[in-house]
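What you see below is based on every heavy atom in this structure, not just the backbone, and it leaves out hydrogens, waters and symmetry mates. Note that the numbering runs from 1 along the sequence shown for the chain. Note that the structure is predicted; figures quoted are calculated from it, not measured.
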Amino acid sequence: MKGGGGGGSGASAYGFPAKRRWKGLVIGVLGLVFLSMLVPLVFLLGLYNGFHTTGYASDSQSSKPGFQPSHVDDIIRKLGPTLPKDVFQPNAIEPKKEVEGFIDESRETKEPTGLQPSKVEEKPPKVEEKPPKVDALPTHTHENGTKVDGKVQATHRMIAMDESGKPCEWKFGSYCIWREENREVIKDSMINKLKDQLFVARAYYPSIAKLPKQGKLTQELKQNIQELERVLSESTTDLDLPLQIEKKSLNMEAAIVKAKSFPLDCNNVDKKLRQIYDMTEDEASFHMKQSAFLFQLAVQTMPKSLHCLSMQLTVEYFRTDSTNLELSQAEKYADPTLYHYIIFSKNILASSVVINSTVSHAKESGNQVFHVLTDGQNYFAMKLWFLRNSYKDATVEVLNVDHVKLHDEENATFVLPQEFRISFRTLTHSRTEYMSMFSHLHYLLPEIFKNLDKVVVLEDDVVVQRDLSALWSLDMGGKVNGAAQSCHVRLGELKSFLGEHSYNQDDCTWMSGLNVIDLAKWRELDLSQIFRGLVSEKLSKQDKSTDAAALRASLLTFHGQVYALDNSWSVYGLGHDYKVNVQDIEKAATLHYNGYLKPWLELGIPKYKAHWKKFLDREDLFLSKCNINP
């Protein structure tokens with residue numbers, strides 16, 4: 001019995017405490033599980049109540065306008081200086097209060113299941129001329145805001161909408177914002193719309209005409225097509241359109257919608273669209289060729305206003321007694337101690353700008369003599385212009401090349417300096433370079449100015465920005481031609497053009513525009529005769545292009561006789577290059593507008609024209625007569 005009692009007492013002594021331990025462990029585990037579920041739920045509920053979505057209000061918040069937890073204020077106060085301005089919006093919204101001028105994209109996000117906050121009625125955003133003012137939180141001061149009655153009023157940008165009608169994200173790098181800031185008004189939008197409608201209607205018309213029992217729609221399409229064709233034939237801009245054009249456009253749109261509602265054979269529509277596309281492509285090609293022709297015509301012919309100026313001055317020259325205006329300065333024309341500048345030009349305004357800009361920057365203008373060489377057609381106009389206008393103490397001589405007695409009469413015809421466009425094409429890329437070179441007439445300079453030993457040749461598309469007197473003391477080391485070099489084109493790249501003559505292929509080509517010419521050395525080497533021999537050699541090889549022959553002959557004639565001027569003396573390319581360095585332009589002594597886009601043309605590059613216009617005499621009576629408005 002003792003043993004049995006002992007066994008029972010042992011079970012009660014050890015078994016019961018073990019069960020209690022297991023029960024306590026199970027209860028503890030269940031408690032932890034319950035807490036692990038309860039704590040996140042409480043946290044989510046608290047987070048939702050504290051940071052609810054803008055545009056929604058919970059029931060508890062709707063009863064408390066202006067409600068905002070204190071910890072939200074603390075966070076905003078700390079992060080205020082670094083947050084963007086558009087995050088400072090009221091965090092609580094009164095029920096059924098209309099919010100104007102602000103839309104938060106976060107409204108589109110889905111709310112957690114079980115939480116259905118009531119939406120606040122809103123109006124679509126209004127784009128006004130004046131940006132809306134938003135009252136920011138009283139605990140933060142905007143950088144450009146003013147504090148009024150504890151509130152800060154700051155001016156915000158207009159709300160921009162993207163293509164889907166949603167507001168743009170006001171952040172750096174957003175294409176939507178960039179598009180709004182750089183939006184350009186499309187001109188003649190109605191004309192373009194009518195052309196598109198006509199394009200589509202023509203594509204559907206053949207297929208609709210083949211459908212049975214659709215004679216009414218066929219007639220409607222045909223009538224609308226004819227009506228739009230008539231309107232577009234008479235109108236090129238929206239201002240030319242008739243008053244009832246909106247109604248006609250709507251009628252065409254309705255007819256197209258009806259046509260699209262019928263099941264059609266896509267092959268027929270596709271075939272017709274391809275035909276219209278081919279016709280449009282041919283028309284575009286025609287207009288491109290026409291545009292290229294008109295461009296060449298515009299840049300290679302004298303503008304009507306400049307031709308008028310030349311004619312008006314010529315008539316005035318013979319009306320007045322010009323001999324009284326002419327001063328006897330013949331002794332200066334051949335004085336080798338003075339600074340002589342040579343200009344070849346048919347353009348009165350261009351040559352005037354060259355002389356005016358040179359004299360304006362000269363330290364001493366009394367020792368400057370300008371020789372303007374022109375043809376017989378513009379000679380009297382040039383003569384009167386430079387007699388009427390004085391350029392400080394400088395002397396201007398106008399020469400008629402047709403009247404100059406020369407031994408080489410064949411090359412005495414007036415030809416302006418030649419400009420060439422050279423294109424290089426490879427399998428990977430292509431590039432185009434512009435070069436300006438002496439004409440045949442330049443090689444008559446030693447004969448025209450027999451008493452002069454050194455001259456500076458300026459083209460009429462050059463503007464001078466610095467005193468050029470230092471060129472006369474320039475030591476060219478026995479070279480004949482001081483010129484700006486163009487290392488974008490080297491002689492080796494023109495090997496097929498230059499032929500088998502001996503020259504260094506790494507040598508750079510040179511540019512006319514600003515050239516210091518040693519006439520004494522020129523006569524000694526007889527470069528004019530060498531030039532004529534090279535031209536004859538090129539023409540004898542069945543090459544009838546005299547311009548190409550002159551370019552080749554000029555490069556070979558002066559090979560080894562060119563002194564490279566410092567880059568600061570001349571900047572060229574202002575007649576074709578839109579990307580010339582602004583700092584180089586400001587520092588250069590001369591600006592060369594070589595290329596097609598001359599500064600006196602409407603096609604000239606606008607940002608470079610100001611350097612040319614400021615040396616033009618705008619108050620001359622003949623400029624107003626010929627409607628020349630620089």
Side-chain angles (χ1 to χ4, degrees), residues 127 129 160-163 165 179-211 214-262 264 268-301 303-305 307-308 596-597 601-606 627-629:
V127 180
E129 294 182 357
M161 310 299 291
D162 60 13
E163 296 177 355
R179 186 191 63 183
E180 291 300 322
E181 293 178 349
N182 297 273
R183 182 184 296 274
E184 294 183 2
V185 179
I186 300 177
K187 296 181 179 179
D188 306 324
S189 58
M190 179 56 71
I191 288 286
N192 295 330
K193 180 180 178 181
L194 295 177
K195 289 181 179 179
D196 293 341
Q197 290 178 342
L198 186 61
F199 189 92
V200 176
R202 285 172 174 171
Y204 276 93
Y205 176 76
S207 299
I208 295 296
K210 295 179 181 179
L211 295 178
Q214 296 300 328
K216 184 177 180 180
L217 179 58
T218 302
Q219 185 64 25
E220 184 180 355
L221 270 176
K222 182 178 180 181
Q223 183 178 355
N224 286 323
I225 290 174
Q226 292 176 347
E227 186 67 22
L228 289 191
E229 286 178 343
R230 183 186 64 80
V231 171
L232 291 175
S233 66
E234 300 174 353
S235 307
T236 56
T237 63
D238 286 355
L239 297 177
D240 302 331
L241 294 173
L243 298 177
Q244 302 297 327
I245 192 60
E246 288 285 351
K247 183 177 180 181
K248 295 178 181 179
S249 177
L250 292 176
N251 292 338
M252 173 62 88
E253 189 68 29
I256 293 175
V257 171
K258 292 179 184 178
K260 290 182 177 180
S261 64
F262 290 94
L264 302 175
N268 294 335
V269 178
D270 177 70
K271 188 181 297 183
K272 185 61 179 178
L273 284 172
R274 289 181 182 277
Q275 292 176 356
I276 298 175
Y277 173 79
D278 292 338
M279 293 174 58
T280 306
E281 189 174 14
D282 293 340
E283 186 178 358
S285 177
F286 166 77
H287 285 299
M288 287 179 62
K289 293 178 180 179
Q290 186 183 49
S291 175
F293 170 75
L294 293 176
F295 175 82
Q296 293 290 336
L297 186 65
V299 300
Q300 294 184 5
T301 58
K304 182 179 179 180
S305 57
H307 180 72
C308 167
Y596 291 145
L597 308 178
L601 299 176
E602 291 185 5
L603 297 174
I605 302 176
N627 197 25
I628 298 177
N629 184 16

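When side chains are defined from C-beta on, L241 counts as touching V231, because their heavy atoms get closer than 4.5 Å. Side-chain atoms of K195 and L228, non-hydrogen and from C-beta on, never get closer than 4.5 Å to each other. Within the 4.5 Å cutoff, side-chain heavy atoms of L198 are placed close to those of E229. A 4.5 Å side-chain heavy-atom check between S291 and H287 finds every atom pair outside the cut-off. Counting heavy atoms from C-beta outward, L211 and L217 have side chains that stay 4.5 Å or more apart. At a threshold of 4.5 Å between non-hydrogen side-chain atoms, the residues L603 and F295 count as touching. Contact annotation: the side chain of K260 approaches that of V200 to within less than 4.5 Å [non-hydrogen atoms, C-beta and beyond].
Residue F199 places its CZ atom among more than 12 non-hydrogen atoms of other residues, nucleotides or ligands, all under 6.0 Å distant. Shown here is D282, whose CG atom has more than 12 heavy atoms of other residues, nucleotides or ligands within 6.0 Å. Taking a 6.0 Å sphere around NZ of K222, one finds it holds 12 or fewer heavy atoms contributed by other residues, nucleotides or ligands. Other residues, nucleotides and ligands place more than 12 heavy atoms under 6.0 Å from the CD atom of Q290. Counting heavy-atom neighbours within 6.0 Å of Q223 CD, excluding the residue itself, gives a total of 12 or less.
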Verify side chain to side chain contact (heavy atoms under 4.5 Å, CB included) between M252 and I225, making sure each step is shown before the conclusion.
-> CA-CA 8 Å; M252 173 62 88; I225 290 174; 4.1 Å; yes
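S235 approaches D240 most closely through the heavy-atom pair OG-O, 3.2 Å. The shortest heavy-atom contact between A209 and T218 is CA-OG1, 3.6 Å.
Distance check: I208 CD1 to K258 NZ gives 11.5 Å after rounding to the nearest 0.5 Å. In this structure, N627 CG and C308 SG are separated by 8.5 Å, a value rounded to the nearest 0.5 Å. From K289, atom NZ reaches atom OG of S285 across 4.5 Å, with rounding to the nearest 0.5 Å. With rounding to the nearest 0.5 Å, the separation of CD1 in I245 from CG in D238 is 9.5 Å.
Between the side chain of N224 and the backbone N or O of K248, no donor-acceptor pair lies under 3.5 Å.
Salt bridge R230/E234: present, at least one basic N to carboxylate O contact under 4.0 Å.
With sequence neighbours excluded, the residues forming a side chain to side chain contact (heavy atoms under 4.5 Å, CB included) with E246 are M190, listed by chain and number.
Judged purely by distance below 3.5 Å, without hydrogens or angles, the side chains of S189 and N192 never pair a donor atom with an acceptor atom.
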